[in-house]
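A short write-up of the structure that comes next.
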Amino acid sequence: MSEFKGVWVFSEMQDLMLEMLRKAREIADKRQSEVAAVLVGFNVQGRADELIRHGADKVYLVDNQMLERFGLESYLSVLHNLVVSYKPEIVMVGSTRNGKALAARLATRLDVGVAPDCNGLNLDEQGRLIGERITYGGNAIARIAFKVKPCIVTVPSRVFEKPEPKERDGQLVRLDVKVEGSKVEVVDVKPLEMSSVRLEDADVIVSCGRGLEKKEDKVLLEELANVLGGVVGNTRPLAEDRKWFTEWVGLSGHKVKPKLYIACGISGVIQHVAGIRDAKVIVAVNKDENAPIFEVADYGVVGNLYEILPALKEALKKQLQ
Amino acid sequence: MKRIIVCLKQAVDVSQLKVDPATRQLLVAGAPKKMSDFDKNALEEAIRIKEKFGGSVEIFTVTVTAEDVKAILREALAMGADKAYVVNDVSFKNIDTFGTAYVLAGAIKKIGGFDLILCGETSLDSFSGLVGARLAELLGLPQVGYVRKLSVEGEVVVAERMLENAVETVKVKLPAVVSVTREINQPRIPSLMMIMKASKKEIVSWVVADLGLQAEKFTAKIDVVEVLAPKTERKKIKITGESVQEIAEKLAKALIQEGIVGRR
């Protein structure tokens, strides 16, 4: 028998922790093992019940003023200490930018591997944990097994849906762990200017690429998005080269899974496509009939977005009445 | 600021990858390779820091590889690096992020005397985004990731980093590891003069034995069971019509029939 046991979840973001609990519960049940959530912060005890209701058998709580905000070294010292003491078999870390650095350093400190950004986690016939991740710029899915334990994976938000909460018993284990100070001093935090709905949470995204000629023209997309109850997205070149947006949809930006993704004037480079792979329905509108986006779309319209979008908006309004 | 070390990887040019449609295998062997885009931004940033300091700064690049990478090292030297180090060993073929960081750390320790290590946020091909943080851990240094703006002020680096919902400005004492995003700069294209000058610059080649590393450390901790192109099961229905209105009406109807529009 392996000395490693249990499935752990950790994220500095509570919502992401709840999402991971769904998968952790599923794996632990197959393994006849337990699920523990690691709750780290200051005055965060109130979140423990929610974690238990969402599937945690145990909550390891480390509550310390030094942990009030995320600091790489301080959070790492806590997580490392806990993993060494309790030896979980699987550690799921929320794949935020800070979470990924944390997982990388934790794994290095433990001499183990990491499967980053897993959008699939399953046990194979031999009972091995297999993490699935997008690689080669979206051209491939890699399936990763682990040679040493604990298996550390990182999981992006919205990959798994939050489980339905229910009343269940769980144990709160309060721990007093020595916390290292952080070497990186945060001098300023500014919230990112964003649309009111996070792209990851949107059911409908009307997205534009280089086919959009002027920044002001995104009003066309906004109008269509309003009719559909959605938000506007964009590609990396519009953010990076033209600076019209601060974020983008794609492998290096937001990976989204809306019910409907309308790609307007987007050629469909593989990195962008990788970010929309989980969309239920993809519509492509593009002047170039050879644009690769048509290969990954459910519905394709060869045409000018400046004509198609207003017409689609009117048609939807009419038919939805 | 005396010395900046930039970690460079030769990556498969993923935009030119082809897939065997029958087996869904990637045809990686024949695919062209290039300097990983994000690493190029890291190198460009190092050159800009050097220019700001009036040229007293040395820029060394370090590459861990199982293949011939001379072309990208020449390119890096032409852009403005002063010297390139490469640790080349066939046993690195299946190296993972742990091994890469371990060998990089060994080489960087041997080079020594650095103030700042710059990496790309991730690599173009494997896209793991772990090596910078792993390297920092092995070297016992602080690390700042996802940096889109960087300035060196005395012994301190001030960095603006992009998080999911916020932009954070942080300060960290040197030496440190900083990983940059592609927004940080526009990498330069070397002039013919720079390319010619670069041919005189030194490329130092090391093998594992030169670094005194333990082989079991860089054997992979993970096992890549398979790498396959994803199945695309999209409908690929082209909507056509006599007029824009007709097309729009057909599309609207299709979306309503899909049940994704009009049901809240």
Side-chain angles (χ1 to χ4, degrees), chain A residues 96-98 100-101 104-105 107-109 112-116 130 135-137 139-148 183-192 228-229 240 251 259-260 269-270 277 280-283 294-301 303 307-308 311-312 314-316 319-320, chain B residues 12 14 17 19 26 96-98 101 124-130 133-134 137-138 142-146 163-172 182-183 221-230 232 234-239 244-245 247-249 251-256 258 260-262 264:
Chain A
T96 60
R97 293 182 160 196
N98 281 327
K100 248 179 104 166
R105 292 192 78 138
T108 309
R109 209 168 268 198
V112 302
V114 181
I130 304 287
T135 183
Y136 286 110
N139 284 291
I141 310 281
R143 300 179 71 236
I144 294 165
F146 295 82
K147 291 180 179 173
V148 273
K183 291 183 189 164
V184 178
E185 184 198 345
V186 178
V187 287
D188 185 42
V189 184
K190 277 198 197 79
L192 212 56
L228 293 165
E240 213 176 65
L251 189 58
K259 293 190 181 120
L260 174 60
V269 297
I270 196 87
R277 174 152 295 139
K280 188 164 171 254
V281 173
I282 296 175
V283 174
F294 288 121
E295 288 303 304
V296 296
D298 295 286
Y299 298 96
V301 175
E307 292 173 2
I308 303 287
L312 179 59
E314 291 310 318
L316 281 164
Q319 294 184 30
L320 287 171
Chain B
V12 174
V14 294
L17 259 182
V19 174
L26 302 190
D96 65 0
T97 57
F98 188 102
L124 184 65
D125 48 7
S126 62
F127 223 85
S128 295
L130 302 170
R134 278 190 177 280
E137 179 67 25
L138 290 168
Q143 188 245 357
V144 185
Y146 300 96
L163 298 178
E164 283 72 20
N165 307 319
V167 181
E168 210 178 59
T169 307
V170 301
K171 263 187 191 171
V172 64
R182 294 194 58 192
E183 296 76 59
K221 311 281 181 192
I222 55 166
D223 201 0
V224 180
V225 183
E226 66 178 16
V227 179
L228 287 179
T232 47
R234 293 289 171 186
K235 295 195 184 94
K236 296 194 220 175
I237 298 168
K238 279 268 162 75
I239 297 200
V244 167
Q245 280 66 34
I247 292 171
E249 276 165 22
L251 179 56
K253 197 173 165 202
L255 296 181
I256 291 166
E258 286 271 359
I260 48 176
V261 166
R264 298 276 163 82

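Residue numbers begin at 1 in each chain, while the letters A, B, ... track the order of the sequences.
Both the backbone and the side chain of A/E295 come within contact range of chain B, with heavy atoms under 4.5 Å apart. The part of A/V112 that comes within reach of chain B is its backbone (N, CA, C, O), which places non-hydrogen atoms under 4.5 angstrom from that chain. Using a 4.5 Å cut-off between heavy atoms, A/I130 touches chain B through its side chain atoms alone. Looking at B/F127, the atoms closer than 4.5 Å to chain A (heavy atoms on both sides) sit in the backbone and in the side chain alike. Proximity to chain A (any heavy atom under 4.5 Å) is shown, for B/I239, by both the backbone and the side chain. For B/L26, the part lying near chain A is the side chain, with the backbone staying farther off; criterion is any non-hydrogen pair under 4.5 Å. In this structure, the portion of B/V12 lying under 4.5 Å from any heavy atom of chain A is its side chain and not its backbone. Residue B/V144 touches chain A through its side chain alone, counting heavy-atom pairs closer than 4.5 Å.
We find the NZ-CD distance between A/K280 and B/E258 to be 6.0 Å, quoted to the nearest 0.5 Å. Here the straight-line distance linking atom CD1 of B/I222 with atom NZ of A/K147 works out to 8.5 Å at 0.5 Å rounding.
Every side chain to side chain contact (heavy atoms under 4.5 Å, CB included) that B/A133 has, sequence neighbours left out, goes to A/A101, A/A104, A/R105, B/Q143. Residues passing the side-chain hydrogen bond (donor to acceptor under 3.5 Å, both in side chains) test with A/R109 are B/E137, sequence neighbours excluded.
Of the listed residues A/V296, A/I308, A/V148, the one with more heavy-atom pairs under 4.5 angstrom with chain B than any other is A/V296. Among A/G137, A/A297, A/A142, the residue with the largest count of heavy-atom pairs under 4.5 Å with chain B is A/A297.
Of the possible polar contacts, one joining the A/T135 side chain to the B/D125 backbone as a donor-acceptor pair under 3.5 Å is found. Panel note: side chain B/E164, backbone A/R97; a donor-acceptor pair is recorded below 3.5 Å. At distances below 3.5 Å, at least one donor-acceptor pair connects side-chain atoms of A/K100 with backbone N or O atoms of B/S128. Side-chain N or O atoms of B/N165 include none that pairs as donor or acceptor with a backbone N or O of A/P191 at under 3.5 Å.
For A/P116 against B/L130, the heavy-atom pair with the smallest separation is CG-CD1, 3.8 Å.
By the 6.0 Å and 45° rule, B/K221 does not stack over the aromatic ring of A/F146.
Salt bridge annotation for B/K171-A/E185: absent, with no cationic side-chain nitrogen under 4.0 angstrom from a carboxylate oxygen. For B/R234 and A/D298, the salt-bridge test passes: some basic side-chain N is under 4.0 Å from an acidic carboxylate O.
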Requested in this report: List the steps and the verdict of side-chain contact (heavy atoms from CB on, under 4.5 Å) for A/L320 and B/I256.
Outcome: CA-CA 8 Å; A/L320 287 171; B/I256 291 166; 3.8 Å; yes
Query raised in the report: Can B/L228 and A/R143 be said to form a side-chain contact (heavy atoms from CB on, under 4.5 Å), step by step?
Result: CA-CA 9 Å; B/L228 287 179; A/R143 300 179 71 236; over 6 Å; no
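Side-chain atoms of A/Y299 and B/K236, non-hydrogen and from C-beta on, never get closer than 4.5 Å to each other.
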